[in-house]
Amino acid sequence: MLVLGIETSCDETSVAVVEDGRRILSNIILSQIDKHAIFGGVVPELAARSHLEGIIQVIDTALRQAGVGLKEIGLIAGTYGPGLIGGLLVGLSAAKAIALSTELPFIGVNHVEGHIYANFLVHQELVPPLLCLTVSGGHTNLVYMPEFTKYQILGQTRDDAAGEAFDKVARVLGLGYPGGPYIDRLAAEGHPVIQLTQTDALANTYDFSFSGVKTAVVNLVNSYKQKGRPIPQADLAASFQEYVVSVLADRTFRAVESLGVHTVLLSGGVAANSQLRARFKELGAERGARVYYPPLELCTDNAAMIAACGYYRFCRCGPSGLDLPANPRLKLA
Amino acid sequence: MKGELLPDGSGVFVTEHPKETEELGARLGRRLHSGALLFLWGDLGSGKTLFTQGITVGLQAEDQATSPTFALVHKYEGPIPIYHLDLYRLNSPAEVQALALEEMEAEAAVIIVEWGEYAQNILSPHRLEVFFQRGAGDFERTLILKPQGEEYIDLIKELVNDAGFRD
């Protein structure tokens, strides 16, 4: 079955055609990052407007590049949350309108669930049970997936999302947006020699907290400035990144051990981080777990993962009603 | 935690540890009525979200607050619903208008606004303003709670009495 997926929950207007939840025929991503970069983050009004301007053209392009018409599509999948309400409404309305006019079934997809399925598009051998760490600008979830469409959230952030912490630390260090790639590059030039936090108060849980380490960086930068000393940018970036990676690895591999899982997925924009990938590969090899992550273009928001997720959900649970509302704070249950 | 009352009715609080900042938020939360409006002013990492986490505890919300930077608005359900806004990424009052804040105000909720510069003239002038400043060391913070409206004056006195006076 061919699935048309539509994703507009944040920066990207994306539409994809995916076969049987596994094979990408097209995955068009119109990014707004350039427009938002000057503001140091996503601007919601701008985002909704840009989605609206781009959506029809992106749908056309996705179908054309896949070499199919709407007649050949079997299911329309659209993100209905979580995300920014203005953007969600644009994509969800488009998905429902197409479903209504073509009499195709429609399925609403949870964006966070979608991220997990990015891995299924490139690793054909992948099947549950598995553990997935989704880390992005808005989400930090450690999820156990015993079978398709079943999830148990083991841990999540108590304050800032991992990607958000990267963005905010990048801002404090005067780097660009999004912060992840800048910190990743800068960290490679430095050493993690700066002690940034005292104790890991959540060490016995699977939850995360990145607000403290962000504040520690702000404190240090302030104190360097007050003393008129140069800021050791690269060492700060390396120390911050080391902290984040080690916390993410700690939670994930403790869960690997306690659940006896042998498959670990990384997803979300922060899964593009080179140190995170390397650490997970290394620990996976040590602990007997296979570690998977998507290629860079599937780490960040894209509609192919929404189409893939929609396919599995539709096959097991049937279609959604056309009255499904957008839900900015949608949870993964 | 130390507290002091200023002649203009503001309360000045010095917290020595993030736990105390959160505790002050919880004490405030226990005293907030529906319709309360708070503006939080302070730099990155000065304790705004932590303070808000305390408020959600004090108000017995179902979820603890997390950073709303990504989603702009978080709503926490409970005996009194709480709207937690972070408007850092907005660039004009027009963009704030699009969030339909007046609908939140009509809802008998508590509204907490971070980076609220562009919401100043849209939301009610009756509000509690909270200013966060870094103190000596990494953990010390000074919080100034400034009442804009009768309904917050007694509340601040109570918080100061609870905190113990500064020497």
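Reminder, nothing fancy here: chain letters follow the sequence lines and each chain counts from 1.
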Problem - Atom pair OG1 (A:Thr300) and NE2 (A:His115), whose distance is rounded to the nearest 0.5 Å - result: 8.0 Å
Handout entry: Distance-only polar pair, side chains of B:Ser67 and B:Thr69, donor-acceptor under 3.5 Å
Key = yes
Handout entry: A:Lys168 versus chain B, the contacting section by heavy-atom distance below 4.5 Å
Key = both
Problem - Sorted by number, residues from residues 36-58 of chain B in contact with chain A (heavy atoms, under 4.5 Å) - result: B:Leu44, B:Gly45, B:Gln53
Exercise for the section: Look at atom CD of B:Gln60 and say whether more than 12 heavy atoms of other residues, nucleotides or ligands are closer to it than 6.0 Å. Expected result: no
Practice task
For this output row, return yes or no: ring centroids of A:Phe166 and A:Phe210 closer than 6.0 angstrom.
Solution key: no
Exercise for the section: May I ask you to check whether B:Tyr152 and B:His126 place their ring centers less than 6.0 Å from one another? Expected result: no
Handout entry: Heavy-atom pairs under 4.5 Å with chain B, option from A:Val218, A:Val217, A:Val172, A:Leu220 with the top count
Key = A:Val218
Handout entry: Within 6.0 angstrom of B:Asp8 CG, more than 12 heavy atoms from elsewhere
Key = yes
Handout entry: Gap separating the OG1 atom of B:Thr142 from the CD1 atom of B:Ile144, nearest 0.5 angstrom
Key = 7.0 Å
